[in-house]
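A quick write-up on the structure given underneath.
When reading the values below, keep in mind they use all heavy atoms of this one structure, side chains included, and skip hydrogens, waters and symmetry mates.
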Amino acid sequence: MSGNLLEVRDLKVHFPVKGGVLLRAKGANRAVDGVSLHIGRGETLGLVGESGCGKSTLGKAVVRLLKPTAGQILFDDIDLTDLSRREMKPVRRDVQMIFQDPAESLNSRLTVGSLISEAFEIHGIGDPVWRRERVARLLAQVGLPASAADRFPFEFSGGQRQRIGIARAIALEPKLVICDEPVSALDVSIQSQILNLLLDLQEEMGLSYLFIAHDLAVVKHISDRIAIMYLGQIMETGGADEIYETPRHPYTRALIAAIPEPDPTRRGRPKVVLEGDVPSPIHPPSGCVFHTRCSYAEERCRIEKPVLRDLIATDGGSRQVACHFDL
Ligand code: SF4
């Protein structure tokens with residue numbers, strides 16, 4: 001058995017772009033374009049990048065809500081890449097997802113109790129009495145009263161709705177949870193409560209997380225390791241503290257520079273301003289995909305794609321960067 005719970009190898013998710021009168025394929029949106037990553041058991045990998053960089057598409061491909069164009073997804077030593085919906089059903093018990101907007105992910109016509117116990121019905125687990133008791137225990141686990149089971153999602157605040165979403169996700173005692181921007185829509189004070197709840201549940205249940213967010217400060221709080229994604233590709237990976245303290249890729253530096261610094265003694269960090277928008281994944285730049293926004297770009301960067309090469313990590317873990325130069 002591999003030491004990793006999840007291994008993604010050279011994954012591509014391309015969407016055909018159609019045009020013309022006959023709606024013929026004109027090209028492809030390269031939303032995920034050759035991503036490799038891994039997550040250990042009980043580990044959290046933070047996946048960070050600007051909106052539109054392909055991180056949510058990658059998350060959905062990992063749980064096979066989207067079909068990969070190429071590459072391989074290994075989960076718990078099972079190859080998920082080409083499994084049919086029927087073959088995926090038993091795997092879905094072990095891989096769950098938490099979405100950004102709890103209001104959209106919860107059916108407002110069902111009570112909270114019905115929403116949480118849906119998974120038991122789908123997988124034929126327990127009888128109605130067992131399910132009701134289990135729902136009450138799950139609600140307690142996420143900090144909600146048992147009486148919440150008889151109410152509807154719209155009766156709750158945004159933070160409480162995310163707690164309901166988390167209760168649904170952990171109902172089947174999964175091994176891996178894909179958290180897709182789970183706190184982005186919440187107030188800052190509520191964000192930390194939800195992050196702490198996720199950390200507590202991880203400790204209790206031994207969960208692994210793929211934590212997707214655009215905010216590097218939020219990701220650092222919860223992650224063991226971080227992967228930085230830009231235009232469908234990984235730019236840098238490493239331990240959360242290493243990435244934050246000694247970023248090696250110009251894009252990572254720009255993301256860190258954009259974080260407000262509450263500590264006045266650290267305000268002397270050099271500013272790296274990220275100009276312009278993320279280019280279209282339909283026509284990604286040649287060579288290094290970041291070259292159109294990189295202040296270090298040279299002629300080589302426009303021609304040659306940098307490989308994700310290994311660096312020596314000071315924390316003893318793995319560290320990689322996709323840049324031609326040691327900046
Ligand atoms: Fe910038 Fe060139 Fe490095 Fe890409 S390879 S990040 S363009 S310096």
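The shortest non-hydrogen separation linking Leu144 to Arg163 is CD1-CB, 3.9 Å. Among all heavy-atom pairs drawn from Val63 and Met88, the shortest one is O-CE, 3.7 Å. Of all the heavy atoms in His324 and Glu304, the pair that sits closest is NE2-O, 2.7 Å. Heavy atoms only, all atoms of each residue included: Thr246 and Glu236 are closest at O-OE2, 4.4 Å. Considering every non-hydrogen atom in both Ile234 and Ser36, the closest pair reads CG1-O, 4.3 Å. Nearest heavy atoms, Gly42 versus Gln202: O-NE2, 3.3 Å.
Contact of the Leu176 side chain with the Asp94 side chain is not registered, since no non-hydrogen atoms from C-beta on lie closer than 4.5 Å.
Of the candidates Arg161, Gln160, Glu155, Gln160 is the only one forming a side-chain hydrogen bond (donor to acceptor under 3.5 Å, both in side chains) with Ser157. Of the options Val219, Ile256, Leu216, a side-chain contact (heavy atoms from CB on, under 4.5 Å) to Ile228 is made by Leu216 and by none of the others.
Proximity of a side-chain donor or acceptor of Asn4 to a complementary backbone N or O of Leu6 within less than 3.5 Å is not detected. Under a 3.5 Å cut-off, the side chain of Arg9 and the backbone N or O of Ile73 do not form any donor-acceptor pair. At distances below 3.5 Å, at least one donor-acceptor pair connects side-chain atoms of Arg309 with backbone N or O atoms of Cys323. The backbone N or O of Pro281 lies less than 3.5 Å from no partner atom in the side chain of Arg30, so there is not a single donor-acceptor pair. When atom types are taken as modelled, the side chain of Ser114 and the backbone of Leu110 share no donor-acceptor pair closer than 3.5 angstrom. With hydrogens and angles ignored, the 3.5 Å screen pairs no side-chain donor or acceptor of Glu7 with any backbone N or O of Phe75. In terms of modelled atom types and a separation under 3.5 Å, the side chain of Gln96 and the main chain of Pro174 share no donor-acceptor contact.
The pair Lys89-Glu87 does not count as a salt bridge, with every side-chain nitrogen at least 4.0 angstrom from each carboxylate oxygen. Using a 4.0 Å cut-off between a side-chain N of Lys or Arg and a carboxylate O of Asp or Glu, Arg319 and Asp310 do not qualify as a salt bridge. A salt bridge links Glu50 with Arg293: the closest approach of a Lys/Arg side-chain nitrogen to an acidic carboxylate oxygen falls below 4.0 angstrom. Comment: Arg64 does not engage Asp82 in a salt bridge, judged by the lack of any side-chain N to carboxylate O separation of less than 4.0 angstrom. Salt bridge annotation for Asp241-Lys220: present, with a cationic side-chain nitrogen under 4.0 angstrom from a carboxylate oxygen. Using a 4.0 Å cut-off between charged side-chain N and carboxylate O, Arg93 and Glu173 make no salt bridge. Using a 4.0 Å cut-off between charged nitrogen and carboxylate oxygen, Asp33 and Lys305 do not count as a salt-bridge pair.
Taking a 6.0 Å sphere around NE2 of His123, one finds it holds more than 12 heavy atoms contributed by other residues, nucleotides or ligands. Atom CD of Glu204 sits in a crowded spot, with more than 12 heavy atoms from other residues, nucleotides or ligands closer than 6.0 Å.
Note on Val289 and Val17: separate hydrophobic clusters, where clusters join Ile, Leu, Val, Met, Phe, Trp and Tyr whose side-chain heavy atoms are under 4.5 Å apart, directly or indirectly. Cluster membership for Val13 and Leu74, using ILVMFWY side-chain heavy atoms within less than 4.5 angstrom, is not shared. Note: the hydrophobic cluster containing Val32 also contains Leu308 (ILVMFWY, side chain heavy atoms under 4.5 Å, direct or indirect links). Residue Phe120 is grouped with residue Met205 when hydrophobic side chains (ILVMFWY) are merged at heavy-atom distances under 4.5 angstrom, including chains of intermediate members. If you chain together hydrophobic residues whose side chains sit under 4.5 Å apart, Leu65 and Val91 fall into the same group.
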Residue pair Arg225, Glu242: steps toward the salt bridge (Lys or Arg N to Asp or Glu O under 4.0 Å) verdict: CA-CA 9 Å; Arg225 288 184 304 113; Glu242 278 225 1; over 6 Å; no
Residue pair Arg132, Asp150: steps toward the salt bridge (Lys or Arg N to Asp or Glu O under 4.0 Å) verdict: CA-CA 11 Å; Arg132 187 145 187 97; Asp150 298 321; 3.0 Å; yes
Residue pair Asp180, Lys55: steps toward the salt bridge (Lys or Arg N to Asp or Glu O under 4.0 Å) verdict: CA-CA 9 Å; Asp180 188 4; Lys55 54 193 190 303; over 6 Å; no
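Classified by interplanar angle (parallel below 30°, tilted 30° to 60°, perpendicular above 60°), the ring pair Phe152/Phe154 is parallel.
Atom SG of Cys53 is separated from atom OH of Tyr230 by 10.0 Å, given to the nearest 0.5 angstrom. Note that OG1 of Thr81 and CG of Leu11 are 8.0 Å apart. Values are rounded to the nearest 0.5 Å.
Cation-pi check for Arg151 over Phe156 is met; the charged atom lies under 6.0 angstrom from the ring centroid and within 45 degrees of its normal.
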